[in-house]
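Accompanying notes for the structure given below.
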Protein chains: 2
Amino acid sequence: MQAAVDLARQQGVRLTPVRLRTLEILLETHQAMGAYEVLERLAAEGFGSQPPVAYRALDFLVQHGLAHRVQRLNAFAACLTPGHDHAPAFLICRSCNKVAEADVPAIRDAVGQAAGDSGFSVERMTVEVLGLCDRCAAGAEVRP
Amino acid sequence: MQAAVDLARQQGVRLTPVRLRTLEILLETHQAMGAYEVLERLAAEGFGSQPPVAYRALDFLVQHGLAHRVQRLNAFAACLTPGHDHAPAFLICRSCNKVAEADVPAIRDAVGQAAGDSGFSVERMTVEVLGLCDRCAAGAEVRP
DNA sequence: ACCATCATGTTATAAAATCACCCATGGCAA
DNA sequence: TTGCCATGGGTGATTTTATAACATGATGGT
């Protein structure tokens with residue numbers, strides 16, 4: 001969290017109240033949150049209540065590497081290692097909906113090579129894995 | 001294409017007219033198509049004109065490995081190597097919007113191992129790479 | 001022929017995302 | 001100071017994507 005603030009200052013970008021609060025909200029849970037869910041929270045705290053408010057803040061965070069978008073869930077999650085310039089893989093538990101961020105450098109290499117062979121130049125990469133986390137695999141396969 | 005028909009017969013599933021036509025539509029282009037775009041085509045050919053018609057056909061194709069969903073584009077693309085039980089990576093050109101399917105077994109291994117280490121059991125995996133295809137990188141970086 | 005099952009069609013609605021416009025702030029140059 | 005303009009935020013409306021719920025029709029086994 002503090003890392004994020006530092007990083008923003010360092011990059012010379014403005015981590016305004018809405019943006020900061022949005023990041024905090026994401027950090028409060030390890031589950032990915034939908035934009036409208038975030039919006040609800042923001043609105044309850046006196047910020048704007050229309051979709052663009054949430055989308056703009058979230059887009060900003062993603063743009064600056066402070067959060068990630070989880071395509072499969074149409075949701076967002078705070079980045080756990082900001083500033084690390086990573087191509088993380090997301091481990092999405094289909095039972096409890098928690099999202100873990102795994103850094104798997106080998107993926108980047110493998111994809112880079114496969115793409116390079118066909119002349120494709122890689123810019124961004126998303127890896128999302130659906131399955132069961134250890135807790136859910138072990139016991140109650142239910143959503144909390 | 002013929003492969004798909006064979007595969008369906010072999011699996012004992014019904015490749016009905018809508019489903020077959022949907023697959024053909026996807027195969028006619030190498031670009032991923034949105035559900036509503038497919039729906040338009042289907043409707044113009046006398047099939048139903050409401051969203052569920054397209055979504056059901058597309059879901060069926062995805063379910064049976066004859067097509068893939070490209071999350072990043074909210075779109076669908078025909079599978080080029082059906083029956084191959086693969087976890088393909090998609091190379092999405094942000095200029096011409098074409099989608100190439102690359103089989104990169106190393107990814108599966110790397111992710112499987114990283115996930116296994118944390119007790120996560122993998123069920124499905126999607127890898128999507130955004131960038132420029134060779135043609136677009138070379139010349140006109142414009143959408144057709 | 002009968003029934004269970006699967007497939008299709010339709011209406012309606014939900015969920016996710018974007019557009020277009022306006023106003024406030026805050027830095028900066030004249 | 002004043003005027004300007006770039007950036008960010010607020011709001012209403014709309015577009016795009018996806019599903020729910022229900023009725024009808026086809027298919028295949030017995």
In whole angstroms, how far is the [atom2] atom of [N] from the [atom1] atom of [X]?
| X | N | atom1 | atom2 | value |
| --- | --- | --- | --- | --- |
| B/Met33 | D/dT16 | CE | P | 15 Å |
| B/Glu37 | D/dT17 | CD | P | 9 Å |
| A/Arg19 | D/dG10 | CZ | P | 11 Å |
| B/Phe47 | C/dT8 | CZ | P | 9 Å |
| B/Leu15 | D/dT27 | CG | P | 14 Å |
| B/Glu45 | C/dT8 | CD | C1' | 16 Å |
| B/His64 | C/dC6 | NE2 | P | 11 Å |
| B/Gln63 | C/dA7 | CD | P | 12 Å |

For [X] and [Y], work out which heavy atoms get closest and say how close.
| X | Y | answer |
| --- | --- | --- |
| B/Leu26 | B/Phe76 | CD2-O, 3.6 Å |
| B/Arg14 | B/Arg19 | O-NH1, 2.7 Å |
| B/Gln71 | B/Glu128 | N-OE2, 2.8 Å |

* Between A/Glu101 (side chain) and A/Pro88 (backbone), is there a donor-acceptor pair under 3.5 Å? -> no
* If the sugar-phosphate is the primed atoms plus P, OP1 and OP2 and the base is the rest, what is the B/S/- string for nucleotides 15-24 of chain C, using protein heavy atoms under 4.0 Å? -> -BBBB-----
* Asked: Can you find a pair of side-chain heavy atoms, one from B/Leu39 and one from B/Pro51, that are under 4.5 Å apart?
  -> yes
* Asked: Can you tell me if NE2 on A/His30 sees more than 12 non-hydrogen neighbours from other groups inside 6.0 Å?
  -> no
* Asked: Using a cut-off of less than 4.0 Å, is there contact between a side-chain N or O of A/Ser49 and OP1 or OP2 of D/dG10?
  -> no
* Asked: Quick one: on DNA chain C, does B/Val13 or B/Gly48 contact a more 5' nucleotide (nearest heavy atom)?
  -> B/Val13
